[in-house]
Amino acid sequence: MFQKVGDAEFVRGEHEVLKLWDQQAIFAKLRQKIAGKQPWSFLDGPITANNPMGVHHAWGRTYKDTFQRYWAMNGRDLRHQNGFDCQGLWVEVEVEKQLGLGAKSQIEAYGIDKFVHTCKQRVLKYAAIQTEQSIRLGYWMEWDDPQQLRKLAAAIGTDETVEFSPPKLPETVIRDTAEAIVAKLGNPDWGGSYFTFSTENNETIWTFLKKCFERGKVYRGHDVMPWSGRGGSAYSQMEVADGRKLTVHRSCFVRFPLVREERQTVVAGQDQEYLLVWTTTPWTLTSNVAAAVNPELEYVKLRSKRDGGIYYFAKDNLDFQRLAKEYKEGFGRPEWMWPAGVPKLKTIGQFFKEIGGYEIEGTLKGAEMIGWQYLGPFDDLPAQTIAGGVPCDPQLEQKNGVSCHRVIDGGRDFKGSANVVAGEGTGIVHIAPGCGDVDHQLGKAAELVGIAPLGEDGRFIEGFGEFTGREATDPATIDLVLTRLKERQLLVADEKYPHIYPFCWRTGDELVFRLVDEWFINMDWREEIMQVTDQIRWLPDSIQGGEREREWLTNMRDWMISKKRFWGLALPIWVNPEDPTDFDVMGSLAELKTRAVEGWAEFEGHTPHKPWIDLVKIRSEKTGAVLSRVPDVGNPWLDAGIVSFSTLGFNTHPDYWRKWYPADLVTECFPGQFRNWFYSLLSMGTMMNWDRTEDPVEKRPFKTLLGHRLVMNEAGKPMHKSDGTAIWFEEAAEQIGVDTMRWMYLAQNPSLDLRFGTRHPDQPVTLETVKGPTNLTIDGVATHRVTSTPADETRRMVMIPLWNSYAFFVNYARLDEFDPTAPQVPVANRPEIDRWLLSNLQALISGMRTAMEDYNSSEAARLAATFIDDLSSWYIRRNRRRFWRSKDANDQDKLAAYQSLHTVLVTLTKLLAPMVPFLAERMYQNLVRSHESSHENGHENGHESGQAAGTGNPAEVPESVHLCDYPTPDLALLDLDLNESMSAAQTVVALGHKLRDDADRRVRQPLPELRISTSSLLQREAIERLSDLIREELNVKQVTVCDSLADIVKYVYKANLKTLGPKYGKLLNLLREKLPGVDGRLMEPLRAGQSVRVTLDGHEIELEPADVQVGTEQATGWVCTDDRGIQLALSTELTPELLREGMARDFIRRVQQLRKDASLEIESRIRIAYQTDEPLVAEMLIEWGELIRGETLADQIESMGSISTAMEEVVVGEAKVHISIEIV
RNA sequence: GGGCGUAUAGCUCAGUUGGCUAGAGCGCAGCUCUGAUAAAGCUGAGGUCCGUGGUUCGAAUCCACGUACGCCCA
């Protein structure tokens, strides 16, 4: 027996389904069902286990779950492995906050071992939280028990023995220290989520780096990198992009005196020549080494009238309006408007005018200036005269900073654009190879010494006089520089200069450019990676992912893999402290053990992390020296990029790896990932396989990538944690409902931002969760109201109509005691509309399969929504009466209706199960499981498509919809002609409603006749076939299909430009204008499918039916319209009989509304009382009383002499009537 | 500065190899249907298809230039 169905209560239903899955261990049964089948390999991109999930995480996780469920229902084996990203600065940042540590030195004082333990604990804590949240989302993965993860977290850093049962071996109890267990989480034998801090993950990166080393790609490099003083670390190219801000610097114009001959004394004043240079970072002038020009640019020789000094700079810059556009329009983002309080910038010409005017004495090419020597502004600093520069380059020991001061060619970048251009500056660029990226490269090319002024803390090192110890970015430092320049009469002007500048994404501090030595992978094998990239399908097409990835690969620099921090991959590079060129890379812990000369015993028993791994020393095979590990940790994208090897057991379970590599699908939020995760996966896949195969197809780590954009608030703006607008996962889940959210994500075009909803930080709310009411999130944040228009729309358009269709079926099936196991009425004997519904269902099944296999969930959602709409507002609405006819065991038509609808609903639950797993489960449990399973086989046989069809297998009906097979289309039931016909009929009905609207005739008022004419035979047949339906639907007494509506309608013939254009070309305009004016009688054969010949302005034109489009215009006594070749005319004539019938239907409708208002049961019988002064009403009741009583289940209709208080005034036809009802 | 992309109704977006009177959803107004559903359906108002030029019988669509915005890279 079906259970009675009431309001949907989606969220409460989800809670019940979660309990059901849990109690009956449905997921475990699914794992059993698919074990050993053909694999479908999904690779999860690790989620950072550092914070709770927000709604933005749920989008990708919905894709991941949906496609995995889909393939599981198709009988494919899956690994169901989630991943957590565990190592890196982002965890350190939070742990620093948690422990109140502000600088690297404080961490060292606290103890790196304790710090690293806390990092591990934090990761385990948030892994547990994210696991619980994911389960709430319905994300089916082989999860670790969150309580076990918490237990492990608590025991980290202690010697106590912890008991642990892995997800794959629930009966087994592992006893070991927390550290030892945690190091092995997620291995193929244990199952459960993978953690990138696991020893296998770290060790597989060692394998990768070893391969790089063997190919000679690992090197230690000096480079000028963005550096954070407080963070004590360089930032990679990938990270800097995320931290740019608009800021105001004090920039200055400085003059460098030229020296034309040796030992020339420089005296400010008449005829002294200067290079005019400009910089936004005055502190770098301390480390100036050279000045660069563009040889092709024209420079001007300007004499200042004040002291007769001569200045050189780019001619175009004299009157160049600097930042003129930015002054008006800002810097490219709404929040980057010109800062208040910063005046408009002056031109260089203006500066000279303000100090007494100038004269132009001539121009010259930059090429002529190359080689000129000058005096630097801070040549008195010791660093400027140290041989070989700072740090000393042994190759350049005969030079120092001062001796390098000359004008050089600024050169071109790798794209061929000049490094020095006219514009913002002066066309002469101050070069400090120790303080700038381009400067560094130019310096190397020109064999200049470098002067690197800053230490790891971002302060000046020894050798910089009064600057030593000062912070480069401190405004007081800038002031000091400017003061000294002024004293030396070198400062021409200074100003406030706004620009976009990199900041540290974690401390918010300004970054400086600092010469660092870091470890790099030489990426000169980028071509190999591109070939792999080309073998991958990048979805969605519209974002051109393959091209984006190629672009990154083309332009990227060498990969900086080191970071001077504490928590992360221990880079397996051991180096000679005396000689940086003497280094070796370890490919595994086993190799390290055989090479170790000290420290192994102390290290053993710990994970390969700092500080323990640093104890191990090895001996150089080259020099015999003792090598120490570089103190750095690794770039975290190494951790995430290796997972297609580490989690598949590349080193430890090679058969397993071969079975599951490459992944069929990866899916991730794409902004940023082309240079991050996708990049590291691709490059690591390429390198790991380089010695195995030449074929890029075999190297690729994944076959298809599905990217999606970002989740925004409803206004399309980013949501921020800081201002309370970021929506936490459970807030959305418990207020909006998880199925609804999932549908929103799946229906969204992945190439566009999803405007999810709005969080109201001023409206606290109590959430009803599975565990009871709460007003805090899992992480202790107060919960607030979340509104979402797209969610409301999804519920209104999809979820509620589906639920109501289901409720309609169940509630009538209960009343009627419908037995789903009764023998099936043969489909051929069912009414046309049932066959249409079943045919449409087959079209839906194949459409959804195609869409899902193409990872196009938005198409799948669209198809399903259209079907649900057809089901609810067409099939059920049209067929209601078949369900509520009186009980009659032999009513085959009624049985057919129940069977058709039941089949459709059951199939729908399976089709939708991957998308809305909760709702599908609830419906399935009632539609299928509420009956004894032994009966189900009979029902599932016959015309029902799906796994049970025709098998006669006495096995039980699956316990859960998620243990069913995904439906396959039954082509015997697919009737495309019928689908077309119904679509034509639906068009006719829509047009008919429009006509009624035009004529101001409500649908309850019957009208005498509808005439239809079509241009195609197919449509004509379709309409004839479905004319009864059209008649009922439009409430007309007669539907007539005619050859012509000529007697009531005037036809209009228009040229079909698409077919006539190619035939007649220039004559087309004539045709378009004249054709509608041709005598209609000449054109009539066209509507019968024959060609005609007409003469227009002397041109003989042959017209085929396809060349002409027939429309209708103006009618007499009728209203008419046309669309898609169908013409309709509706008679609006009303007879007294028709009027009375219309009133009767009004009367019925009003009574039904009263029944509903009184919440009567469907089967309750009533008595109707009415009062009216209109005699027409009484006449109508005599004629139609029996129908009214039947329709409204009324035993009697009584006329009352007066109006009672229970009565409501209603309008019937044009008459006012007072009506009341009461239960008999 | 370079590369890629986008520009269509108040908002969010479709619009096929060039074809008629440019569409949908939301919002707004009106009407209608309802014995499952205050769910929905229909109708209407609302458009410089970013601008200018070109190709063509014909351009939202193709081409060129410009403008604005987005993303990526410098």
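Numbered from 1 within each chain, the chains take letters A, B, ... in sequence-line order. The shown structure was predicted, so the numbers you read here are calculated from the model rather than taken from an experiment.
Atom CH2 in A:W559 sits 10.0 Å away from atom CH2 in A:W637 (nearest 0.5 Å). To the nearest 0.5 Å, the span separating CG on A:L539 from OG on A:S751 amounts to 11.0 Å. Rounded to the nearest 0.5 Å, atoms CD (A:E1141) and CG (A:L1187) are 8.5 Å apart. Within the model, atoms OG of A:S873 and CD1 of A:I868 stand 10.5 Å from one another, a figure rounded to the nearest 0.5 Å. Here A:T533 contributes atom OG1 and A:W552 contributes atom CH2; the two are 13.0 Å apart, rounded to the nearest 0.5 Å. One finds the CD atom of A:E547 at 9.5 Å from the CG atom of A:D534 (value rounded to the nearest 0.5 Å).
When both pairing distances are held under 3.5 Å, B:U21 makes no Watson-Crick or G-U pair with any nucleotide shown. Remark: B:U48 base-pairs with no nucleotide; criterion is Watson-Crick or G-U wobble with both hydrogen-bond distances under 3.5 Å. Across all strands shown, nothing is found opposite B:G58 as a Watson-Crick or G-U wobble partner with both distances under 3.5 Å. A 3.5 Å limit on both hydrogen-bonding distances identifies no Watson-Crick or G-U partner for B:A14. In this structure, B:U6 and B:A68 make a Watson-Crick or G-U wobble pair, each of the two defining distances being under 3.5 angstrom. Across all strands shown, B:G41 is found opposite B:C31 as a Watson-Crick or G-U wobble partner, with both distances under 3.5 Å.
Using C1' as the reference atom, B:G19 and B:G58 are 7 Å apart when rounded to the nearest Å. Taking atom C1' on both B:C50 and B:U61, the two are 15 Å apart, rounded to the nearest angstrom. Comparing the same atom, P, in B:C4 and in B:C42 gives a spacing of 43 Å after rounding to whole Å. B:C33 and B:A59: their C1' atoms are spaced 43 Å apart (whole Å). One P atom belongs to B:A45, the other to B:U6, and the distance between them is 32 Å to the nearest Å. Only the P atoms considered, B:G66 is 22 Å distant from B:A60, to the nearest whole Å. For the P atoms, the distance linking B:G15 with B:G70 amounts to 23 Å, nearest Å. When the P atom is used for both B:C11 and B:A74, the distance is 35 Å, rounded to whole Å.
When rounded to the nearest whole Å, the span between CE of A:M744 and P of B:C26 equals 15 Å. In this structure, the CD atom of A:Q544 is 12 Å from the C1' atom of B:G3, given to the nearest Å. When the P atom of B:A74 is taken as reference, atom CZ of A:F513 falls 11 Å away, rounded to whole Å. Protein atom CE of A:M556 is 14 Å distant from nucleotide atom C1' of B:C73, rounded to whole Å. Taking atom OH of residue A:Y679 and atom P of nucleotide B:C72, one finds them 17 Å apart after rounding to whole Å. Between A:F670 atom CZ and B:G70 atom P there is a gap of 16 Å when expressed in whole angstrom units.
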Would you tabulate the side-chain donor-acceptor contacts of residues 793-802 of chain A under 3.5 Å, counting partners in other chains and residues two or more places apart, or write 'none'?
from	atom 1	to	atom 2	distance (Å)
A:T794	OG1	A:P790	O	2.8
A:R795	NH1	A:D792	OD1	3.1
A:R795	NH2	A:I736	O	3.1

Under-3.5 Å N/O pairs linking protein and nucleotides 9-16 of chain B:
none

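Proximity of the aromatic rings of A:H902 and A:F809 is defined here by a centroid distance below 6.0 angstrom, and this criterion is met.
Under a cut-off of 6.0 angstrom, the local environment of CD in A:E1102 is crowded, with over 12 non-hydrogen atoms contributed by other residues, nucleotides or ligands.
The side-chain heavy atoms of A:I833 and A:R882, taken from C-beta on, include a pair separated by under 4.5 Å.
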Taking protein heavy atoms under 4.0 Å as touching, what does nucleotides 29-42 of chain B look like 5' to 3' if B marks base contact, S marks sugar-phosphate-only contact and - marks none?
--SSSBBBBSSS-S
